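Predicted model only: the values in this text are computed from it and were never measured. Each chain gets a letter, A, B and so on, in the order its sequence line appears, and its residues count up from 1.
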There are 2 protein chains.
Amino acid sequence: MLAAERRDHLLGLLARDGKVVAKDVAADLGISEDSVRRDLRDLAAEGLVQRVYGGALPVSPAVVDYATRQSVAPDGKRAVASVAAGLVRPGGAVILDGGTTALAVARALPPDLGCTVITHSPTIAVALLDHPGAEIFLLGGRVFKHSAVAYGAAAVEAAQNVSADLCLLGVTGVHPEAGLTTGDAEEAAMKRALSARAAETYVLASSEKIGTASRFRVLPWERVTGVITDADPHDAVVRQVQELGVEVLTAG
Amino acid sequence: MLAAERRDHLLGLLARDGKVVAKDVAADLGISEDSVRRDLRDLAAEGLVQRVYGGALPVSPAVVDYATRQSVAPDGKRAVASVAAGLVRPGGAVILDGGTTALAVARALPPDLGCTVITHSPTIAVALLDHPGAEIFLLGGRVFKHSAVAYGAAAVEAAQNVSADLCLLGVTGVHPEAGLTTGDAEEAAMKRALSARAAETYVLASSEKIGTASRFRVLPWERVTGVITDADPHDAVVRQVQELGVEVLTAG
DNA sequence: CCCGTTGTTGCACGTTTCTGCATGTACGGT
DNA sequence: ACCGTACATGCAGAAACGTGCAACAACGGG
């Protein structure tokens, strides 16, 4: 066993398990714990691992901003998010819009689900850092502070280079006649661009959005596969949407 | 179960459930309540949790932010970050690399300084959301979990479309002969691409990086305008770097 | 081919750190 | 005011750590 080979092995273990225990590795490879410790020390000096008592951890945890973990979504949004997360298939690719509901979806994804998440929200990207299974693709562009997502021409252009099975879209208004609407024209354009890159588009609509309309149209109903909501399935508006041929998934 | 791993687990529980009960965690992990209490005490000392009778609660986001300024960025990095933030001119554009030191720079920017920040780190983008003056441009791409930044081909390509007055680069090794180095080849390429888009490049190098070298070269000294460090200005390595014609800014 | 140099590996040692238990104290609910 | 629970502190055993040392292999020059 070459020294360099050992170091690669350690990095591999770290990537796979998220940790390395000096004692276990030494027993596995049949070498002394001292050698493992020496390797870990060297790797730590190069900034490739974070040395801790008993072994080593990946370097990322220190980078994660705990502040973004704080906000807790209300029950309704969490229920919607949970249903939406269930639509994501292992090995599949999902486009996640910005907004608090989409953030809740990201958090609701099983940590080990192997899937690709495409998003224009840096907040969601950060939230997914500790999901070992998720591959994150971030769409860049100018970041607008009030919605905390990247949009504008650069972001729309970046979106042209991806495609996915599923797009989960947050909107501010869901109305039988007006369709899906939002309060900002640029935002609407971005959501349209995202939706166009996915085979299916589901809308995340917690109950307070149902029956309301904002100024800018995102999509007409023909382009929507389904709506995920926590509203009463017998609600008049919900029934109307269903009659338009749109699937309605109701959550708890 | 490593001690550091346990602490991460506690922070994770806190983020997910909004609280931690010492007794339950001890039973769950099969360890003594004393260990849990000790961990919580340490985390509380760092300001990451709020200790209460029976367990712990999250601290308010504002306090977390303050705490992470204090603890995640040790004095040295904070001093470096403060000097670096002083190089950013009102109305100017700065390219901010990823890493904890660069994150500290973002936080050290005066909130009302009108400037454009270009970054490939979603963490930094999120941190800048509450800086009213900063315009944020995010470079997209595949997000690598261990360093929490976007790089790869897409990110390098995105970087080609921007330009800035100043680039602040974090590295893991600063060595008179080896130049600036880091532990990952893709990361090195990304840093090179960023540096190429700015008129001037300064390197953020807290003292423990000085005199060390990693596997992959980022830039030779000719392409570096200056180094910002908290190391002793009379240090032998620092003097050597100065003799290479590189400006050395020492902090605190 | 030989020998000195260099770098690596495992072992032994003393030191530091962690963990669980015991004790006595402080807190909170009833 | 009482009693059970959580707490801080001290202690001892265990585990992990760093360092120095010796054995060993790889390499290059003579």
_Residues in ring pair (Phe, Tyr, Trp, His ring centres under 6.0 Å) contact with B:F144, at least two apart in sequence or another chain_ = B:Y151
_Set of residues satisfying side-chain hydrogen bond (donor to acceptor under 3.5 Å, both in side chains) with respect to B:T101, sequence neighbours excluded_ = none
*Mind running a 4.0 Å heavy-atom check of residues 5-17 of chain A against DNA chain C and sending the residues that fall below it, in number order?*
A:R6
*Sequence neighbours excluded, which residues qualify as salt bridge (charged side-chain N to carboxylate O under 4.0 Å, His left out) partners of A:E135?*
B:R142
*Which pairs, with at least one residue in residues 12-29 of chain A and sequence neighbours excluded, count as a salt bridge (charged side-chain N to carboxylate O under 4.0 Å, His left out)?*
A:K19-B:E5
*Of all residues at least two apart in sequence or in a different chain, which pass the side-chain hydrogen bond (donor to acceptor under 3.5 Å, both in side chains) check with B:R197?*
none
*Got a sec, which residues hit side-chain hydrogen bond (donor to acceptor under 3.5 Å, both in side chains) with B:E33, two or more places apart in sequence or on another chain?*
none
*Name all residues meeting the salt bridge (charged side-chain N to carboxylate O under 4.0 Å, His left out) criterion together with B:R192; count only those two or more places apart in sequence or in a different chain, and write none if there are none.*
none
Which atom pairs link the protein and nucleotides 15-24 of chain D when you take only N or O atoms and keep those under 3.5 Å?
| from | atom 1 | to | atom 2 | distance (Å) |
| --- | --- | --- | --- | --- |
| D:dA16 | O4' | A:Y53 | OH | 3.2 |
| D:dA16 | O3' | A:G54 | N | 3.4 |
| D:dC17 | OP1 | A:R51 | NH1 | 3.3 |
| D:dC17 | OP1 | A:R51 | NH2 | 3.3 |
| D:dC17 | OP1 | A:G54 | N | 2.8 |
| D:dC17 | OP2 | A:R37 | NH1 | 2.7 |

*Side chains of A:D112 and A:H131: is there a donor and an acceptor less than 3.5 Å apart?*
no
_Please identify the 5'-most and 3'-most nucleotides of DNA chain C with any atom under 4.0 angstrom from a heavy atom of chain A._
C:dT9 to C:dC18
*Just report the end-to-end axis angle for the helix from C:dC1-D:dG30 to C:dT30-D:dA1, five pairs per end, to 10 degrees.*
40°
*Under the side-chain hydrogen bond (donor to acceptor under 3.5 Å, both in side chains) test, which residues partner B:T201, sequence neighbours left out?*
B:S195
